[in-house]
There are 2 protein chains.
Amino acid sequence: MADPKARPVTLRSIADQLGLHISTVSRVLNGPAEDGARAASGDTAERIRRLAAELGYQPDPHGSGLRTGRSRLIGVLVPRVSDLVLATIYEGIDEAAGERGLTTIAANSLDDDEVRRTRTKMLLARRVDGLIFGDARLDDAFLDRLAADGVRFVLVNRRAGNHPSVTPDDRLGGRLAAEHLLDLGHTDVAVIAGPPFASTGADRTAGFLDHYRDSGIRIPDARVLHSAFDTAGGRAAADTLLRSPDRPTAIFAVNDFAAIGALGAARDHGLRVGADVAIMGYNDTPLAAELPIPLTSVAVPMHEIGRRALELLTRLLAGEQIESERLAPILAPRASTGAGQTGP
Amino acid sequence: MADPKARPVTLRSIADQLGLHISTVSRVLNGPAEDGARAASGDTAERIRRLAAELGYQPDPHGSGLRTGRSRLIGVLVPRVSDLVLATIYEGIDEAAGERGLTTIAANSLDDDEVRRTRTKMLLARRVDGLIFGDARLDDAFLDRLAADGVRFVLVNRRAGNHPSVTPDDRLGGRLAAEHLLDLGHTDVAVIAGPPFASTGADRTAGFLDHYRDSGIRIPDARVLHSAFDTAGGRAAADTLLRSPDRPTAIFAVNDFAAIGALGAARDHGLRVGADVAIMGYNDTPLAAELPIPLTSVAVPMHEIGRRALELLTRLLAGEQIESERLAPILAPRASTGAGQTGP
DNA sequence: TCCCGTTGCCCAAACGTTTGGGCCAAACGT
DNA sequence: ACGTTTGGCCCAAACGTTTGGGCAACGGGA
């Protein structure tokens, strides 16, 4: 890798060693495409490349960043990296970034406005070239302000205003969930809708209600509960729903973790999930299929969403005109709604 | 935040605006402690600070990095950020880093040697000041080599050789698990031990076996199965254990996800977890308590481990002598081993 | 009065890179 | 033989910061 105590290898050390000028080395090592020929003879170029490889030359980002004004750094702000959904999206982002020689910096916003501001400021202080936000709120003054300031960013998972975004088609996902439960005969259903400020929960809920309405069934407002996206939130909401005597026969949680909480609540109430009450989640977290009672869910290509978000951002940074993308979800029926395994 | 179309605010722009020299501004804005007084009069210093704040000056890391040779960047390599355990540790790292004005860069190694090398090289190319590895292997030639090359790093979660590390006291944790199962009367027990190269699994297993041996019970080798740390791995291992007629009465999985897989396998075999068979995990993931059948686990202060790792690294970077730390785990007994809730 | 120590600031170099513009010689066209 | 192109390379400036060393002016002690 690197010699034990060697001085850092720079363009100058390579140039001196070869009796060339530093700029020649720089040109050769940068754009083999157009400038490659102009920069040096094939022979010289070859010698440069060989020595650079041998010494393990890696351009110093401080030097190039200073000169070019670009850092090749991408900031990624998410509610929490320990949230499996966002972590998976982040992996997609990071993977695509790596392929382009970009480095990502992740930070948690905890869905808190104050934290968002300070973390964003830190990322900008690091001179990131662009940002990806995974914590957009439906009415997001902060993002509007940022956009007005000329900061370049795209949104992922959650949409907001008409800032460019890559999200699952949550409206469609909500319809798929409704279709599934309706096919199973559930007409008295409830929704654990997540916090009201997240487009994911809101759109999934809206799609779900749409489908029922289109089928002539109106779901009363009392059947839609807002909650946190986590297990505790889901458990509390499900508990409220199930303790009533006219409890719903099926519950759609807009997030797998909330659904797992609902599973626990159902058990506390002595209900057999899949038989006495149907419960389904959303996102098809790896855990869903592996639970003791496998959880019906709506699969979302999270990794791919992350990749696309980074691609979109690089196109934005390149000055191209870009448009938001919605990726289609797929239903994954399992035992928690009494459905069999997928397959014929 | 930043003016719409303003030129970037630099030391020079501040200095010019105040009719001062750039170096004066730099000194004032850097060390108010010692140099503060030497640098400028109280009055001048005040003017500088006020203008800097007003313009929202943020030092350019490229400039300072170039000059000082330090990037204030910390690289963090983990198997996967989407693994809840490592994600939580990472959050601790990042939190502590933020408090010190450091920025972390996370990367996935997927526990693959080739990926580790390339990702580490990328981080070094970014000129990180130090590294934190969460994917150490018991016999880790790569880390040895890195240390020999003078790269500064600490390990987290997993230990290796005598590189400095911050880990849970896994040996103790294993003993706690054994003690719990033994107290419940289980003498025929099995271990789902995780992959053999991870100190976590190995030490937990060793501690577990130690305690049984100390109590006069020898667990046969066939009762210790290696597996992946994830749900699928746990399910497969548990399936092997439970399909035999002389199946164990209790299973200790060294990781909650493997334990969840085991829960599923138990269900597949028609066994009631907590009654017919006891199953326990490790790490006390937030999920453990929320599962339909709450999972007995061993709680580990993951967030704190992350914080400590970063502190250790900063001390190392400051040239101090440092020593590895082990943090004590706590048993969290729940229904999956037939234990009641915690409490008196 | 002279000297010395502070105070308060400025000067300049250096870190490593990129890039617009040279400049010399060889090759080519007529 | 003479102009023009082109290949192949060098020059130098600039990006923003830190930091060791100045250098005046001023105040105080002898």
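Proteins come first, then strands; the chains are lettered A, B, ... in the order of their sequence lines, and each starts at number 1.
The residue among B/R47 and A/T68 whose nearest nucleotide of DNA chain C lies closer to the 5′ end is B/R47. Residue-to-nucleotide proximity on DNA chain C shows that, of A/Y57 and B/H21, the 5′-proximal contact is made by B/H21.
Looking only at distances, a side-chain donor or acceptor of B/D129 sits under 3.5 Å from a matching main-chain atom of B/S71. At least one donor-acceptor pair under 3.5 Å links the side chain of A/D83 to the backbone N or O of A/V85.
In this structure, B/I22 reaches the bases: a heavy-atom distance under 4.0 Å links it to at least one base atom across the strands shown. Within 4.0 Å of A/G42, counting heavy atoms only, lies no atom of the nucleic acid at all.
Pairing of C/dG20, defined by two Watson-Crick or G-U wobble distances under 3.5 Å, is identified with D/dC11.
Here D/dT17 presents its C1' atom at 9 Å from CG of B/N30, a figure rounded to the nearest Å. Across the protein-nucleic acid pair, B/R12 atom CZ and D/dA13 atom C1' stand 13 Å apart, rounded to whole Å. Following rounding to the nearest Å, A/D16 (CG) and C/dT17 (C1') show an atom-to-atom distance of 15 Å. Between B/R70 atom CZ and D/dG16 atom P there is a gap of 21 Å when expressed in whole angstrom units. We find that CD1 of A/I48 is positioned 12 Å from P of D/dG8, with the value rounded to whole Å. One atom, CG of B/L29, and another, P of C/dC9, lie 14 Å apart when rounded to the nearest Å. Distance A/R127 CZ to D/dC15 C1': 12 Å, rounded to the nearest Å. Distance B/L11 CG to C/dC15 P: 19 Å, rounded to the nearest Å.
For B/L66, whose side chain is taken as the heavy atoms from C-beta onward, the closest listed nucleotide among C/dG16, C/dC10, C/dT19 is C/dG16. Comparing D/dG16, C/dT17, C/dG21 by their nearest atom to the side chain of B/D60 picks out D/dG16.
At a cut-off of 3.5 angstrom, counting only N and O atoms as typed in the model, there is no donor on one side facing an acceptor on the other between the side-chain of A/R27 and the base of D/dG7.
Neither OP1 nor OP2 of D/dT17 sits under 4.0 Å from any side-chain N or O of B/S23. One finds a side-chain N or O of B/T24 lying less than 4.0 angstrom from the OP1 or OP2 phosphate oxygen of C/dC10.
Ring-plane geometry between A/F153 and A/H163 is classed as tilted, the angle between the planes lying from 30 to 60 degrees on a 0 to 90 degree scale.
Using a 4.0 Å cut-off between charged side-chain N and carboxylate O, A/D149 and A/R145 make a salt bridge.
Two residues are said to be in side-chain contact when any heavy atoms from C-beta on lie closer than 4.5 Å; B/L316 and B/L312 fail this criterion.
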